[in-house]
Structures are given as C-alpha cells and as structure tokens.
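Have a look at the structure below, then the notes.
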Amino acid sequence: MAEKFARSLYNAPRGELRLALLDALLPEMLTLSGQLALDVGGGLGQQAAWLARRGHHVTLAEPSGDMLALARATLADETFAERIDYLQAPLQALDTAAPGPWPLVICHAVLEWMGDPRAALEALGRLVAPGGQLSLMVFNRDALRFANVIKGNRQKALDDRLEGLGKRKRLTPVSPLTHAQIEHFAAAAGLTLDGVAGIRIFQDYLREPVADADDQATLFALERQYCRTDPHWRLGRYLLYTLRKPPCVNQ
C-alpha cells in the first residue's frame with residue numbers, strides 16, 4: 001500500500017496541511033539540538049528528512065520494505081541524505097534492533113495501526129533515554145466519531161463501531177485512540193506529558209473544498225491559531241504529543 005499512502009496521505013491537501021502544521025509545531029513542542037533521533041514507522045521519510053535537514057542524524061525504522069525503498073529513492077539525492085540510516089524493522093523488534101537509548105524518538109501515525117497500542121507505547125518508552133523526548137502523533141478516536149456523524153454514519157457512531165477492520169486497502173486505523181487513553185498509557189510507560197496539539201482541527205469537517213491558495217492560507221492560519229487551544233485541539237484528526245522520560249536521579 002506504499003503508493004496509496006503516498007497518493008492519499010501526502011500528495012493531497014490534507015497531507016500537505018498535516019506536514020505544514022508539523023513544520024510549525026515541532027520546533028515549539030520539542031527541544032531540538034541536533035541530537036540523534038529514531039523515527040519509528042517512518043514510512044516515506046518525510047519526518048526523517050525534516051530532522052536531517054536540521055542537522056539531526058536519523059535512523060528511519062520502517063517494517064515495510066516497499067515504504068523503505070520509496071523513502072530511500074526519494075531522499076537519495078538530498079544534501080542531507082548521509083544523515084539518514086535505514087532500518088527495516090517493526091516497532092516490536094526495536095528493543096534489540098535499535099535499543100539506543102535515544103534522546104529523541106519520533107512515532108507519528110503508527111500506534112493506531114497496532115493491535116495493542118498500550119504495549120506499543122511502553123515499547124517506545126523503553127527506547128527513550130532518561131531526560132529524552134518522544135514526539136507521538138495518533139489518530140483521534142473522538143474526531144473519527146464526529147466525522148462519522150457528519151457523514152451520516154450515525155448508527156455506527158452510536159454503537160462506537162469506529163475501528164477499521166484491516167481488510168482490503170482501507171486507511172481507517174484499527175486502533176484509533178482517545179486523549180484519555182494516551183494519558184493513561186503514557187503514565188504506565190513512565191512518561192510525562194509536556195504538550196499536546198490537534199492536527200487538522202477544521203479541514204476534515206469542511207462542507208466545501210478549499211477554493212484557492214488564499215483560502216488555503218486562511219485555513220492554515222485558523223488551524224495554526226487554534227491547534228493548541230481548548231476545546232478545539234480535541235477534535236483534531238490527529239493528536240500530537242510531546243512526552244518526556246524523567247531524568248535519572250543519582251541516589
């Protein structure tokens with residue numbers, strides 16, 4: 001499904017807005033100092049490229065060989081290409097394949113595809129160095145419910161049948177997550193929550209598509225202004241978190 005991900009998620013207005021918002025938010029929400037970074041489930045390499053362009057040496061870990069091949073081919077000629085290493089491995093194998101510990105771990109749009117997202121977050125926590133940061137982005141279950149009501153799938157929303165089934169080539173995640181779940185799972189993993197933002201809090205609910213470049217700019221300004229404001233961030237299609245592992249305290 002690598003080509004479908006590229007076409008549907010990144011070469012489309014919603015993907016462009018997602019990346020633009022991350023470009024604005026990550027420097028606000030993370031302490032970036034060129035530290036080593038692990039990009040878990042890095043897909044087509046957009047986030048690894050963003051980090052490498054800013055001086056980080058990044059290991060892009062991705063279980064799909066097709067995705068990894070596309071990322072490598074796309075980024076091969078970039079000036080920062082030598083700062084990206086490629087590792088074909090799933091999250092479940094990273095305890096041994098890339099144990100770190102890492103001062104910066106990125107995991108965007110991965111947990112919602114896991115059968116056990118709590119165990120996945122605990123695994124991510126083990127990869128983060130004491131005092132290190134985890135940038136986590138997850139598909140928002142509450143936003144998915146809201147979107148289903150708007151689209152007319154009201155009985156489905158009432159029954160809370162929101163998960164994708166993992167069949168055919170559908171892009172509805174199998175484990176969409178709520179903010180309360182992330183708070184609970186993060187605490188269990190020994191991580192503290194430093195910040196949260198909503199990604200695409202308005203775009204997915206538009207009745208009419210964006211008309212032109214000026215309209216797109218206005219929409220981005222709205223998204224940017226309210227993405228960290230309660231209650232708006234809570235309906236972002238994705239929720240973006242900065243989680244931190246407490247530093248070791250000398251006894």
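Counting begins at 1 with the first residue of the sequence.
- Enclosure of atom CZ in F220 by more than 12 non-hydrogen atoms of other residues, nucleotides or ligands within 6.0 angstrom is indicated.
- Applying the ring pair (Phe, Tyr, Trp, His ring centres under 6.0 Å) test to every pair with at least one member in residues 119-159, sequence neighbours left out, gives these pairs: F139-Y238, F146-Y205.
- Taking hydrophobic clusters as Ile, Leu, Val, Met, Phe, Trp and Tyr residues chained together by side-chain heavy-atom distances below 4.5 Å, L26 does not share a cluster with L60.
- Sequence neighbours left out, the pairs with a member in residues 177-196 that pass ring pair (Phe, Tyr, Trp, His ring centres under 6.0 Å) are H179-W233, H179-Y241.
- Under the rule for a salt bridge (Lys or Arg N to Asp or Glu O under 4.0 Å), the partners of R118 that lie at least two apart in sequence or sit in another chain are E122.
- Hydrophobic cluster membership is shared by L124 and V138, with clusters built from Ile, Leu, Val, Met, Phe, Trp and Tyr side chains linked at under 4.5 angstrom.
- Hydrophobic cluster membership for V149: none, as no Ile, Leu, Val, Met, Phe, Trp or Tyr side chain comes under 4.5 Å of it.
- Applying the salt bridge (charged side-chain N to carboxylate O under 4.0 Å, His left out) test to every pair with at least one member in residues 186-199, sequence neighbours left out, gives these pairs: D194-R244.
- Contacts of Q216 classified as side chain to side chain contact (heavy atoms under 4.5 Å, CB included), with partners at least two apart in sequence or in another chain: L17, V210, L219.
- Take R126 and apply the side-chain hydrogen bond (donor to acceptor under 3.5 Å, both in side chains) test, not counting sequence neighbours, and it matches D95.
- For E163, the side-chain hydrogen bond (donor to acceptor under 3.5 Å, both in side chains) partners two or more places apart in sequence, or in a different chain, are R141.
- Linking Ile, Leu, Val, Met, Phe, Trp and Tyr residues whenever their side-chain heavy atoms come within less than 4.5 Å leaves V105 and L240 in two separate clusters.
- For residues 224-238, the salt bridge (charged side-chain N to carboxylate O under 4.0 Å, His left out) pairs, not counting sequence neighbours, are E28-R224, E28-R228, D204-R237, D230-R234.
- Applying the salt bridge (charged side-chain N to carboxylate O under 4.0 Å, His left out) test to pairs two or more places apart or on separate chains, those with a residue in residues 35-55 are D23-R54.
- With sequence neighbours excluded, no residue forms a side-chain hydrogen bond (donor to acceptor under 3.5 Å, both in side chains) with D215.
- Partners of D212 under the side-chain hydrogen bond (donor to acceptor under 3.5 Å, both in side chains) rule, at least two apart in sequence or in another chain, do not exist in this structure.
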